[in-house]
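First comes the structure, then the notes that go with it.
Within every chain, numbering begins at 1; the chains are lettered A, B, ... in the order of the sequence lines, protein sequences first and strands thereafter.
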Amino acid sequence: MTDDELIWRIAGGSGDGIDSTSQNFAKALMRTGLDVFTHRHYPSRIRGGHTFVEVRAAGHPVKSRGDGYNFLLALGDSFARNPQDEAYYGNEEAKPLTENLDDLREGGVIVYDTGLLDEGDVDDLEERAAEEGWHVYPLDLRGLAREHGSEVMRNTAGVGATAALLGMDTGVFEELMDERMSGDVLATNVEILEMAHEEVSGMEHTHALQLPEGTHEDAADSPVLLSGSNAVAYGALDAGCRFIAGYPMTPWTDVFTIMSQNLPEMGGISEQVEDEIAAASLAIGASHAGVKAMSGSSGGGFALMSEPLGMAEMTETPIVLVEAMRAGPSTGMPTKPEQADLEHVLYTSQGDSNRVVFAPGTVREAYEQTRAAFEMAYEYHLPAIVVIDQKLSGEVAVIPDEFFDREPDPGLGAVLTEAELDEAAHHASGVFDRYRHDPESGVSPRSIPGQAGGRFLASGNEHTPQGHIAEDPDNRVAQMDRRARKLASVRAELDGRETSHQTPYGPEDAEYGILTWGSQQGTAEEAVDRLNDDGHSVKALGVSDLMPYPSAEVAAFLESVEECLVVEMNATAQFRGLTGKELGQYGEHLSSLLKYNGDPFEPAEVVEGFESIVGDADADGDASGESTRIVPAVGD
Amino acid sequence: MTDDELIWRIAGGSGDGIDSTSQNFAKALMRTGLDVFTHRHYPSRIRGGHTFVEVRAAGHPVKSRGDGYNFLLALGDSFARNPQDEAYYGNEEAKPLTENLDDLREGGVIVYDTGLLDEGDVDDLEERAAEEGWHVYPLDLRGLAREHGSEVMRNTAGVGATAALLGMDTGVFEELMDERMSGDVLATNVEILEMAHEEVSGMEHTHALQLPEGTHEDAADSPVLLSGSNAVAYGALDAGCRFIAGYPMTPWTDVFTIMSQNLPEMGGISEQVEDEIAAASLAIGASHAGVKAMSGSSGGGFALMSEPLGMAEMTETPIVLVEAMRAGPSTGMPTKPEQADLEHVLYTSQGDSNRVVFAPGTVREAYEQTRAAFEMAYEYHLPAIVVIDQKLSGEVAVIPDEFFDREPDPGLGAVLTEAELDEAAHHASGVFDRYRHDPESGVSPRSIPGQAGGRFLASGNEHTPQGHIAEDPDNRVAQMDRRARKLASVRAELDGRETSHQTPYGPEDAEYGILTWGSQQGTAEEAVDRLNDDGHSVKALGVSDLMPYPSAEVAAFLESVEECLVVEMNATAQFRGLTGKELGQYGEHLSSLLKYNGDPFEPAEVVEGFESIVGDADADGDASGESTRIVPAVGD
Amino acid sequence: MSQSTNVFGAIGDAQEREEGIDREEFTPGIEPQATWCPGCGDFGVLKALKGAMPEVGRTPEEVLLVTGIGCSGKLSSYFDSYGFHSIHGRALPVARAAKLANPGLEVIAAGGDGDGYGIGGNHFTHTARENHDMTYIVFNNEIFGLTKGQTSPTSPKGHESKTQPHGSAKDPVRPLSMALSAGASYVARTAAVNPQQATEILAEAIEHDGFAHVDFLTQCPTWNKDAKQYVPYTDVQQSEEYDFDVHDRREAARMMHETEDALYEGTVLTGRYFVEEGRRSYGAEKAATGEAPETPLAERYFDPDYEWERSYDLLDRHR
Amino acid sequence: MSQSTNVFGAIGDAQEREEGIDREEFTPGIEPQATWCPGCGDFGVLKALKGAMPEVGRTPEEVLLVTGIGCSGKLSSYFDSYGFHSIHGRALPVARAAKLANPGLEVIAAGGDGDGYGIGGNHFTHTARENHDMTYIVFNNEIFGLTKGQTSPTSPKGHESKTQPHGSAKDPVRPLSMALSAGASYVARTAAVNPQQATEILAEAIEHDGFAHVDFLTQCPTWNKDAKQYVPYTDVQQSEEYDFDVHDRREAARMMHETEDALYEGTVLTGRYFVEEGRRSYGAEKAATGEAPETPLAERYFDPDYEWERSYDLLDRHR
Ligand SMILES: Cc1ncc(C[n+]2csc(CCOP(=O)(O)OP(=O)(O)O)c2C)c(N)n1
Ligand SMILES: Cc1ncc(C[n+]2csc(CCOP(=O)(O)OP(=O)(O)O)c2C)c(N)n1
Ligand code: SF4
Ligand code: SF4
Ligand SMILES: [Mg+2]
Ligand SMILES: [Mg+2]
């Protein structure tokens, strides 16, 4: 809530280049040495409709959207619908202004394009600005762009104006333009940028907000700017994944697209197929034949993978699936984030689940845990699922490039070579004992079709050590127990590692806890900072391992606090439920803070939620933010 | 474990008519006034392969398979494979004898067909018989059948022999034959039956076992014999269901077949379609157009319904789905029972679940709860799922016919007539407010296509009261909350009813509890009887409502006992987990007894499991039966 | 007065109207302007469909329009009738059951080329073979529109997209040929740039008693071709160059093959390709075998006099 | 010596063999006798497939046989090679990816008529249009065998079963016609009662460079027809009565249509129906566009010298 940070919101219509302009703006800020974090909001529509991106930047770490924002660049929506009397969508043309005012902080800056937006369409803009101390700069960005180039360049003009108002010069923007444009386009854009900058620099400035100072360590030296989807894709590539099969679906499409664009150059294969059942089945087929393979989807597409997922479990074929969650049920709100697929991902497909599920909390974790997912899948012969959401998928963060300077993983995990196969156990008939009962770790030896001496049958039916269909009860129990042992081994391996996927934050001896999973981690951490600053004693644990569940770590955390607030973006408190299921106790100590309106939490909502539940004099059991809901602990 | 009961096992090969012979035998025993219960065991194979059916009968209630059995009729397997050296399936020809000996009780009776079975193929039959006090009657049933009719009639000969050995006369069997055969076939069968009876009656009988005496109240007057699948289908028909769409899959096929055979005569429609995605979608389409509709499947077929299930939730289209579980994961063991799809059924499909799930515990409950499922679906506009398993699906029980003497449900649930529509709220545009936010119960008014004044859009996207796609956060919250209120209303309605779906059993003030769900109910009840007879103080609760969860009832039960054993047929203790999730406490009091080898529990296994965990001096934390597994309580 | 008019008052309503039907009855009071991009061919489908309604004599509330997911799937948002905006690829199974449940409804299904020929391809061929009495409009824009321009099953070989940066290696599906060999009894192709023909073809398709498949070329200027690329178009019925009998399966097959190839060579052929008359629709066929009731099933629940069958009467077999 | 022989020693093994391949190499040591019913046509497929292997010169461990679920799906239990017994309807997507991953494998997919034309129908048509280099054998017994005799997509109209007590109201699918319009480059029908032809056709199909579809008539005496009902059969290539060019799409289409109709009138026609030569298989096509590697992807993981690409080298675009 400090103003040593900039939260710049660029608003307009879908299809108006808001996203790419914001990406470049974020990059520019990164190059000035700031930490950067973005938050996207867009409709399920191709052209037109209210969309914005927030770029938050500061000299200290930023790891969440902020509470509101402090700089609005309102561009027009060139594809706004013409309202008619009964239009329930109201005046779309004015939305780049009207829809954004509620979240603008006191004293904030507004730049709007008078070429497309009419102050008259906004109720009481002047009064509200006076009340809230907003500084309003109406500028004819469209006019300027049209005059000196073309109308679409008004985004450039807006950036120029922004720079002028924040006391930045245009150098870093021109550098960026220079890298991605050339010729006339470049020249015109640079001209427009400079003209806007000059014009606005010459105006009287009433506001105080300037570009934040200081340098953040991650941005100090060779920083790179990456989205969660990008990190998943790069994690997969470095894990040695060279095959992807998919079918587009928001927000999964991002990962699929990045993989598809990189694989051909790396001698890999990307297949866009007829549906998600096929996509998952292809990944299984490719993996079976000896390739590190992945697939993935979102919501309904992942639902279609339910049956192949079980086939991978039963045949013990390693695959990695990405589930990029969006608001459900059903088609729901395709471009809005939610964390309501947790139970679906854990349990879909008949029979007892036998899979690994990771939900990275940050862009870095998205890279790390995708690599870990491949490792687990190929070492333990099971499907590993990386769960992200529309929030993590699209948000970008600054990471020093050394982070990526590591060895790729060239192996296929636990497989035998032909020489090893020669030595391995075979049935008297010559068939390889692919599924022998005895391995302690649960991982039985694996061969690849085409290897001499390795033939076996992979079957989704229960099977003998050679893979043949069998209904014998003893064999059944031996195979079920062995497959279950693999999960225990995964847990033991992860628990034994130096760095856990679970991220603790805040004072170790804190009195209260905040428990969260996946993409809410950064927001919870910001809330922890504020709460401790306000005199509370709170720490957080961001959980990524969902199956096998990190019982020891979570139990230790819960044991160490009085009470705990579980923060998640869904309506039925799924992660609290999972924790209750896995630990079987603590019910009296776990309250839930839920949000499911399609917007991710702001840190302030977590702060308020916490205060309304625990440790605050003002607490009122029922209180919760307007758009959040509290479910008190059992017996509370 | 008493011998005031008969457990007759008829064993042979698939395709040899074992099933229909056993059904008739069960009916005959019912007609003598006994209570009857069956247990089927068969392979996923059309012809040949070890199969048996147990018919348990007594003058007192029988509601589970027993512990072992006491009368074996071993017929040949006419499609047994000829073993060769490396055959891992062993000597299939001998299996009707070899596979069945382990479970035969001391003092039991063996009749085997010397025409197809060779004592020499069985190791030490004579010695084992001597040791166990078995009474062995080798008979050339095939020879007799072949001589007087045809070979396939050897089953009839076996029944005649059985009757003779049990001191029954042939009247009741002849009556049954008379009802379903005629002409030569009837005459020959009757002849064979009588000859076998006469021959065996004339032999020396060394055994004591006779047909149990007494009359069970359900069998006293106009009893009928029905399987769980039959009860589901009849419940659906009486609920007014007149449309089914399906795709065959074991064991779901039973329900689908019974419906398909009855619907045409009732002016209804059955559609066998291209796959399960289509099946569920057709049920939704038919229901949307104003018909009570159902679909269903097992395992992988149900997995394919995941996405349409979410569509039903979001569009609030009432449908009933049946999930007939079998052993998973994946194709698993298609003809074996398991209860491992619980979490899959509760949570599959993206987004927060909004469905009703019932798991009837008995054949009667299968009827009742299927009717209830239709009621809930159509009154509350949501999908309701009836979960059965291969065990309940195929087992038969005796029910007095008055049980079915009730009114069918002729309505379509909560729908408006055109007159009511005229009065109902509409948007200014004339579109009907199908999804208005305000109903207290969550149930908004519903119209049917073709009704004047009712037009609206059903959408799987989040939507306005008129059904139009909307991403507005306030509307989102209002719709999510309203849909959640429907589930709360269902819970309130069920809690308010006179008879709960949860079935308590045993002394109310017992010290210990056994908690189970679905088809294990009868077995748990038998175990409770024995444990109390043995001096323990135990009661059971059989839970059927899985969503919305009957928290008050289960919590009250758990509060009232010291410790509780949760008995279920899966490997990951899914129902214990659900209870932990829903109640958030009690983790320290809930131990699990699990079985997942493809065979349902015997009562003795529950008794042993209980004794090894709680209240027994001999208890040893680790002990469990050979084919069961114990998971101790948290912190134990 | 048939019973249906008691319960489903909208059905048959049109026949009693004197003034006829106005296409504007199908323009919603809400959502007056669609969210499709400027120049999108989807507007053409909407317009043609509205235009066909007066011709077929159906009022909004006796029509059930079932759509899939895609830009195309939004058709049901902008066409004011009973609507069902289902999930990706599943419009047909929802629609055909609604028709079986209440044959009085005019059932129309619609979706995109990805929706109908990609993920929903199996329902397409099976619904065609069963010959359900309904109309299926496929918005063929040779692209995935709503998910931002990926290759679709009708994209030409070599088509470059974000997911096929070097160009698709797949031959496109042949929607007309597939419909024909699957068993559709009416198959046509029209185009958004051809509003007159489109309206006529839709009216014919709706009136056809059986499964009518209309492959509707809809330009997607945002990710793929714009309207210009579908002009000039040729109506195979009008043109001298093409001569075939739409009632002859073999001639139809040949003409379809040629039409499918031509599209990728820049020649846009449209028109009726196959019309099979006299074949019973699935509903009629099913009723004839004795597996479907004579009166609409949906009416039963509103009929206070209906004597409901009871399982009690089935118990004899269990005694 | 190619690199592949280092890693996948079984591949190419046959070529180095002097003694040739014995069909009995494909008879498993375990499961010597299948669980199919006596008289089942599935035995015929097994026999023909074993018989084809010596002709195509492949040894057990260079073959990957992917099957679906059904009686037919058990083929992989009784044919000794690498096997994948997948789930119902999904053999093709598993199989085609395995081929892309390791083109050195001989990939064969197999399943039932329900598996392939019912639930798996969409994969069938899409795999055909993509022309993957593999063989797809559909055991067409006009029935669901394993689930005990329900109507299948190839059951004749009027077929009575437990789920259609009054007889099916659906026209059966036309598997050959569908394969052709979907884009298969080799289409044949053979029958279990015709072992010589079956073996030859399977060998041809396996050797065909592209998607080869073999509709294999397999009697199911338990639930449907027995072998007698498939006799006499006619080989359309042998018979004087039929004259068409398997390389001509139109003639093939006509002959297929006739063959499909004839089956339900009791005339069993078999043979090759369509052979398209020279069309690139999908793998080749994809490699040509630059979207697939030249050497088998699967070898890479066993190659200690391969220089793995790193995301670190992609970072420039993110700076
Ligand atoms: C099961 C599933 N998979 C993927 C998606 C994402 N998705 C939405 S529309 C669409 C394809 C759109 O293409 P098309 O069907 O041709 O329709 P158009 O937008 O071009 O009209 C996809 C892949 C989805 N909604 N559901
Ligand atoms: C998703 C799914 N649905 C249904 C089944 C049940 N099932 C197993 S085999 C089969 C059909 C068998 O018919 P077909 O494919 O013709 O094979 P056949 O047994 O005749 O060889 C079905 C419906 C299944 N295993 N999975
Ligand atoms: S993306 Fe294409 S298909 Fe979708 S609305 Fe825009 S122009 Fe039309
Ligand atoms: S049921 Fe039919 S298809 Fe299956 S094994 Fe028996 S004869 Fe063959
Ligand atoms: Mg499209
Ligand atoms: Mg079949």
Problem set entry | For chain A, the option from D:His126, D:His85, D:Arg90, D:Glu291 that forms the most heavy-atom pairs under 4.5 Å |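 When all of D:His126, D:His85, D:Arg90, D:Glu291 are compared, D:His85 has the most.
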Problem set entry | Top of D:Lys286, D:Glu62, D:Lys99 for chain A proximity - count of heavy-atom pairs under 4.5 angstrom |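 The candidate making the most pairs under 4.5 Å is D:Lys286.
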Exercise. Does A:Lys292 offer a backbone N or O that forms a donor-acceptor pair with the side chain of D:Tyr301 under 3.5 Å?
Worked result: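 Checking the backbone N and O of A:Lys292 against the side chain of D:Tyr301, a donor-acceptor pair under 3.5 Å is found.
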Exercise. So, D:Tyr82 side chain and A:Gln451 main chain: donor-acceptor pair closer than 3.5 Å or not?
Worked result: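 Between the backbone of A:Gln451 and the side chain of D:Tyr82 there is a qualifying donor-acceptor contact (under 3.5 Å).
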Exercise. So which of A:Ile284, A:Leu237, A:Asn262, A:Asp275 has the biggest tally of heavy-atom pairs under 4.5 Å with chain D?
Worked result: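 Most heavy-atom pairs within the cutoff with chain D belong to A:Asn262.
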Please flag which part of [X] lies under 4.5 Å from any non-hydrogen atom of chain D: side chain, backbone, both or neither.
X: A:Val291; answer: both
X: A:Met266; answer: both
X: A:Leu263; answer: neither
X: A:Arg406; answer: backbone
X: A:Pro449; answer: both
X: A:Val415; answer: side chain
X: A:Phe432; answer: neither
X: A:Ser270; answer: backbone
X: A:Gln23; answer: neither

Problem set entry | ring-ring contact (aromatic ring centres under 6.0 Å, His included) between A:Phe404 and D:His318, intermediate numbers included | CA-CA 12 Å; A:Phe404 296 96; D:His318 301 285; 7.9 Å; no
Portion of [X] that has a non-hydrogen atom of chain A nearer than 4.5 angstrom:
X: D:Leu105; result: side chain
X: D:Ile69; result: side chain
X: D:Ala292; result: both
X: D:Ile87; result: both
X: D:Glu294; result: neither
X: D:Ser76; result: both
X: D:Tyr282; result: side chain

Exercise. Would you call D:Arg96 and A:Glu274 a salt bridge, using N to O less than 4.0 angstrom?
Worked result: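 Yes, this pair counts.
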Exercise. Among A:Asp401, A:Asp405, A:Asp409, which one satisfies salt bridge (charged side-chain N to carboxylate O under 4.0 Å, His left out) with D:Arg310?
Worked result: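 Passing option: A:Asp405.
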